[in-house]
Amino acid sequence: MLRSGKEHLERLRDGRIVYVGSERIDDVTAHPLFRNAARTVAAIYDMKADPANRETMSFAADGARHSMYFLQARTPEDLRRRMRAHQAIADMTYGMLGRSPDHVASFVTGMAMAPGVFGTGSRPFADNIAAYYRHMRDNDIYAAYAVVPPQAARNPEFYVKQNLPVPTLQVVREDDDGVVISGMKMLATAAIFADEVWIGNLIPLAPDQVKQAVTCAVPCGAKGLTLWSRQAFAAKSEFDSPLSWRFDETDSMVMCENVKVPWERVFVMDDALLAREIYIRTPAHCYGNHQSNVRFWSKLRLIVGLASRVAQSTGADQIPAVRELMGRLAALEATLAGMIHGQIEAWERWPEGYATFNRRMMYAALNWCTEMYSPLIDILRELSGGGVFQMPASVSVMHDPHLKTLFEGYWQTPQMPALDRIKLFKLVWDLVGSEFAGRHQQYEKFYAGASFIVRNHNYREAPWDHFHRYADGLLASYGVPEA
Ligand SMILES: Cc1cc2nc3c(=O)[nH]c(=O)nc-3n(C[C@H](O)[C@H](O)[C@H](O)COP(=O)(O)OP(=O)(O)OC[C@H]3O[C@@H](n4cnc5c(N)ncnc54)[C@H](O)[C@@H]3O)c2cc1C
């Protein structure tokens, strides 16, 4: 089934409880802090459901059409189809939505390609993950996830020693019809606009953290679940803060107070090791983070396009050193494009009968994106100079005839009319300097875990035996020179 945008917005009016500070938001589709981003999400659903995009955005299975990101690839062409669908979503949102509907859905799709992994723990749940995948696919479900314990609570010993309650989400009771969970998890980006939140553990737990080793899915409107949002980015107008206006995907702490989860929505219990391995021993992490790579690529193209426009607007594009910088940006964009296409060309037949993006290349791109975002933004910042603050506080100057005349006369340059300049620089500031921009710098550094976690994935997947043999071959090819 392909849901329309209107249907999606209706689904968000499910009684979910969202707090912004002490303010309780009753309807996220209508509240000024959230309604614009809700519309952006709705537009993604409309784009997917548009018959003109049928072949790119959906596939047929079991007598219905489903969003392309639920496709379990069997060939490289299937992987290509997934990539194009991610790209269509990322392009329409300029790479600004990290947890668009295709992110967690790709994780679940990957997990359901190896359900046997869920059957190996102390309490097997292979059927549950297969059924949850079908539920998501057949109802076009948007899931967000919270898969990290709150900061500083990764080692419960510190809390226990000081007699403090452990804040991390854990199982507090088991009943015939399900488990009851309480506690906190970070940091569910986009949960405010999603149907469900996937709760789990993407970073390792200690073997004795058994009660925290629960993986489950919960509707965002579930009784006892509250979403504690960070400060939302209240934009004054679309013209003055175009990215904050449309694309604040939100980040929330997930708080559970005795939330009942039916058994069929539990995927891991009492197994600290398996709680993390489900992401790595299935294509989940690879499918989900391939989406992240493609999404970053869209954002990178916006950065490169804006950098060039800014250089044109100041006339700096005529300077050889600036042209060289543009060449560097273009090379960086093509580098990521190559890393993404390479993941398909060097695809892996894994697991049995399925196709997966090349894992090492996916992790390499993940590391590249994490490392490169701040330097890329810095280039755009540097090119912009003080132009961003030369502009009036808002475009409202155009509403006053006298100010308008002055503005249009004095702010124009030989390269650009005044109105085009303010439009360009307001957008650039929202990407390099606004509160929205600062959040994106944090996001790009941490969305897949801190940098040492991302590098650990690269370390784990590397063929060290091959590297050693290769280096040893050269070492073995010569000896001590004769005296
Ligand atoms: C904007 C944003 C959106 C997010 N969205 C989501 C989401 O949708 N779902 C979700 O589950 N999570 C999300 N996260 C959370 C993200 O997964 C975590 O931020 C990430 O795992 C890092 O954890 P932390 O923030 O607690 O940082 P910490 O683990 O506390 O690390 C902070 C810093 O401490 C240092 N450090 C700590 N431990 C070590 C170590 N062992 N070795 C070396 N250095 C170390 C490093 O400098 C590191 O960068 C999001 C985070 C941000 C910022």
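We count ligands from 1, going down the list as the structure has it; atoms in each ligand are counted the same way.
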**Asked** Salt bridge or not for Arg11 and Glu196, using N-O below 4.0 Å?
**Response** no
**Item:** N/O donor-acceptor pair under 3.5 Å between Asp195 side chain and Tyr142 backbone
**Value:** yes
**Request:** Examine the side chains of Asn289 and Ser292 and answer whether a donor and an acceptor come within less than 3.5 Å of each other.
**Result:** yes
**Message:** At less than 4.0 angstrom from any atom of ligand 1, which residues have a non-hydrogen atom? List them by chain and residue number.
**Reply:** Arg99, Tyr145, Ala146, Val147, Val148, Gln151, Arg154, Met186, Leu187, Thr189, Asp251, Arg439, Gln442, Tyr443, Phe446, Gly449, Ala450, Phe452
**Asked** With under 30° as parallel and over 60° as perpendicular, where do the rings of Tyr132 and Trp198 fit, or are they tilted in between?
**Response** tilted
**Prompt:** Which word best sums up how the rings of Phe107 and His285 line up, parallel for under 30°, tilted for 30 to 60°, or perpendicular for over 60°?
**Reply:** perpendicular
**Complete:** side chain to side chain contact (heavy atoms under 4.5 Å, CB included) filter on Ser308, not counting sequence neighbours, yields Gln312, Met326
